[in-house]
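See below for the structure under consideration.
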2 protein chains.
Amino acid sequence: MLISTKGRYALRVLIDMAEHNGTGYIKLMDIAQRQEISEKYLESIVKELVRNNIVTGLRGKGGGYRLSKEPDDIIVGDVLRLMEGGLAPVVCLENSGKTCPRVAECRTLEFWRGLDDVIRQYIDRYTVADLMRTEENGNDYII
Amino acid sequence: MLISTKGRYALRVLIDMAEHNGTGYIKLMDIAQRQEISEKYLESIVKELVRNNIVTGLRGKGGGYRLSKEPDDIIVGDVLRLMEGGLAPVVCLENSGKTCPRVAECRTLEFWRGLDDVIRQYIDRYTVADLMRTEENGNDYII
DNA sequence: TATCAACATACCATTATAATAGGAAATAGG
DNA sequence: CCTATTTCCTATTATAATGGTATGTTGATA
């Protein structure tokens, strides 16, 4: 399993917010109930989204969260990289500043780079608005 | 980082075996030294490759390992799925027999399926023979 | 000013990762 | 047949990540 609950839940929260993107702020408790995810756990996820200005929070009565941008301006790849702390398929491609000592003789790096490209291209093609629309397709197959 | 050392090391071992695919069997100690990986750790990886008939072992003096098939018959995707225990991007796509209760209302499943496809298509396009050839390209860039 | 909800911090149980250690079994060369 | 060699097999372990839970503080507003 390549993507953890953090990335998956974050997307679900953003879609939920986009769908209830009406007047004011949305309480996290409401999202938690609709999505059937622990509110406390969602807090730690939303905190990350707030810090990166994908979502805006307002405390106090009538407070809650709302999207900081339009759904079609939120790129899925950005959200996933943020929540997962990068999505490089191998350590060698995490730009940690240090070069792998075996890079000259490495026979697999090229392959990993290609995989990284393929993943990046796919996840950066989708926005939160795109995910909302998948509903229409009626994806009620058995997994 | 999506792929662990098990998957990465397994590929390096297979490439190493393919490159030294001469007369007889190759000692794991030799591979370990060339690849600068602990021999004991490699054992646990190669054991998995033996069990799945990708590699054949022979014990005793003059023993070692060799590929069970030709390098271009070993698909990288098969090796990775084996070593990583599946490569589904999310739990929902691991065919564990049970259906997600939220499948009907899930807005992200379609997206994850697409990601799974893209990854699968890429890694199943490569064989160990392909990886050997990347040497010629001279991939001496800085990461 | 009471209430509500975000924000902050700390803690915790379980699992995965990346090994290491020690010995048993088999094979081939002498 | 014996012995060195090398795979094979079964633990054990340290560290980190995952997936939470608990408690309390701050700030907005009705």
Side-chain angles (χ1 to χ4, degrees), chain A residues 1-10 12-13 17 23-33 35-68 80 83-91 94, chain B residues 1-10 12-13 17 23-33 35-68 80 83-92 94 96:
Chain A
M1 176 188 31
L2 305 172
I3 308 288
S4 72
T5 51
K6 280 185 192 172
R8 292 194 289 122
Y9 289 179
R12 282 169 59 186
V13 165
M17 283 183 189
T23 44
Y25 289 82
I26 307 158
K27 280 192 292 181
L28 197 57
M29 202 185 66
D30 289 348
I31 300 177
Q33 281 177 356
Q35 298 296 325
E36 295 171 281
I37 304 171
S38 141
E39 183 189 349
K40 278 293 168 191
Y41 188 44
L42 275 193
E43 266 189 20
S44 63
I45 288 166
V46 173
K47 184 173 62 178
E48 208 68 15
L49 297 173
V50 170
R51 190 154 47 202
N52 285 268
N53 201 35
I54 294 169
V55 145
T56 307
L58 180 77
R59 1 190 190 188
K61 217 166 196 171
Y65 296 96
R66 70 172 178 203
L67 299 180
S68 305
L80 291 180
M83 297 309 300
E84 301 294 321
L87 276 185
V90 291
V91 240
E94 288 168 347
Chain B
M1 177 187 33
L2 305 171
I3 308 288
S4 72
T5 50
K6 280 186 191 171
R8 291 194 288 122
Y9 289 179
R12 282 168 60 185
V13 165
M17 283 182 188
T23 45
Y25 289 83
I26 308 159
K27 279 191 293 182
L28 196 57
M29 203 186 64
D30 290 348
I31 300 176
Q33 282 176 356
Q35 298 295 325
E36 295 170 281
I37 304 171
S38 140
E39 184 188 349
K40 277 294 171 187
Y41 188 43
L42 275 193
E43 264 187 23
S44 62
I45 288 166
V46 173
K47 183 174 61 177
E48 208 68 17
L49 297 173
V50 169
R51 188 152 47 198
N52 284 270
N53 202 36
I54 295 168
V55 145
T56 308
L58 180 74
R59 0 190 190 188
K61 217 167 198 172
Y65 296 97
R66 70 174 178 202
L67 299 179
S68 305
L80 291 181
M83 297 308 302
E84 301 295 320
L87 275 186
V90 291
V91 241
C92 329
E94 286 168 348
S96 57

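The sequence lines fix the lettering, A, B, ..., with proteins before strands; numbering per chain opens at 1.
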- [ ] Assign each of A/R8 and A/E43 to its nearest nucleotide of DNA chain D by heavy atoms, then name whichever residue's nucleotide is nearer the 5' end.
- [x]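 Going by which nucleotide is closer to the 5' end, it is A/R8.
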Open item on the list: Can you work out whether A/G63 or A/E84 has the more 5'-proximal nearest nucleotide on DNA chain D?
Closed with: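 In this pair, the answer is A/E84.
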Task: Of A/L42, A/I37, A/I45, the residue whose pairing with A/R12 passes side chain to side chain contact (heavy atoms under 4.5 Å, CB included) - done: A/I37
TODO: For B/R8 and A/V90, indicate whether the former's side chain and the latter's backbone hold a donor-acceptor pair under 3.5 Å.
DONE: no
- [ ] Go through the N and O atoms of the side chain of B/R59 and the base of C/dT27, and report whether any donor-acceptor pair is under 3.5 Å.
- [x]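 Side chain to base: no pair below 3.5 Å.
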Task: Donor-acceptor pair (no angle test) under 3.5 Å: B/K40 side chain, C/dG22 base - done: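 Yes.
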Between [atom2] of [N] and [atom1] of [X], the distance in whole Å:
{"X": "B/I45", "N": "C/dA16", "atom1": "CD1", "atom2": "C1'", "value": "14 Å"}
{"X": "B/K6", "N": "C/dT15", "atom1": "NZ", "atom2": "C1'", "value": "12 Å"}
{"X": "B/E48", "N": "C/dT17", "atom1": "CD", "atom2": "P", "value": "12 Å"}
{"X": "A/Y41", "N": "C/dC7", "atom1": "OH", "atom2": "C1'", "value": "18 Å"}
{"X": "B/E94", "N": "C/dT15", "atom1": "CD", "atom2": "C1'", "value": "14 Å"}
{"X": "A/R12", "N": "D/dG19", "atom1": "CZ", "atom2": "C1'", "value": "14 Å"}
{"X": "A/L28", "N": "D/dT21", "atom1": "CG", "atom2": "P", "value": "13 Å"}
{"X": "B/K61", "N": "D/dC1", "atom1": "NZ", "atom2": "C1'", "value": "14 Å"}

Does [X] put a side-chain nitrogen or oxygen below 4.0 Å from OP1 or OP2 of [N]?
{"X": "A/S38", "N": "D/dG20", "value": "no"}
{"X": "A/Y25", "N": "C/dA6", "value": "no"}
{"X": "A/Y65", "N": "C/dA5", "value": "no"}
{"X": "A/T5", "N": "D/dT18", "value": "no"}
{"X": "B/Y9", "N": "C/dA19", "value": "yes"}

- [ ] Could you check if a side-chain atom of A/V55 sits within less than 4.5 angstrom of a side-chain atom of A/R66, using non-hydrogen atoms only?
- [x]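 They are not in contact (no side-chain heavy atoms under 4.5 Å apart), so the answer is no.
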Task: Any side-chain heavy-atom pair of A/E84 and A/I3 under 4.5 Å - done: yes
Open item on the list: On DNA chain C, compare the nucleotides closest to B/I37 and A/V50; which residue's is nearer the 5' end?
Closed with: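 Per heavy-atom nearest nucleotide, the more 5' residue is A/V50.
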- [ ] Determine the contact category for B/V46: base if any of its heavy atoms lies under 4.0 Å from a base atom, sugar-phosphate if only primed atoms, P, OP1 or OP2 are that close, otherwise nothing.
- [x] nothing
Open item on the list: Counting the atoms with a prime plus P, OP1 and OP2 as sugar-phosphate, which does B/K27 contact under 4.0 Å by heavy atoms, base, sugar-phosphate, or nothing?
Closed with: sugar-phosphate
Open item on the list: Nearest to the B/K47 side chain among C/dA18, D/dT10, D/dA30, which nucleotide is it?
Closed with: D/dT10
- [ ] May I ask you to check whether B/Y9 and B/S4 show a side-chain donor-acceptor distance below 3.5 Å?
- [x]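 No, no side-chain donor-acceptor pair sits under 3.5 Å.
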Open item on the list: Regarding B/T5 and B/Y41, do their side chains bring together a donor and an acceptor under 3.5 Å, going by distance alone?
Closed with: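 There is such a pair between these side chains.
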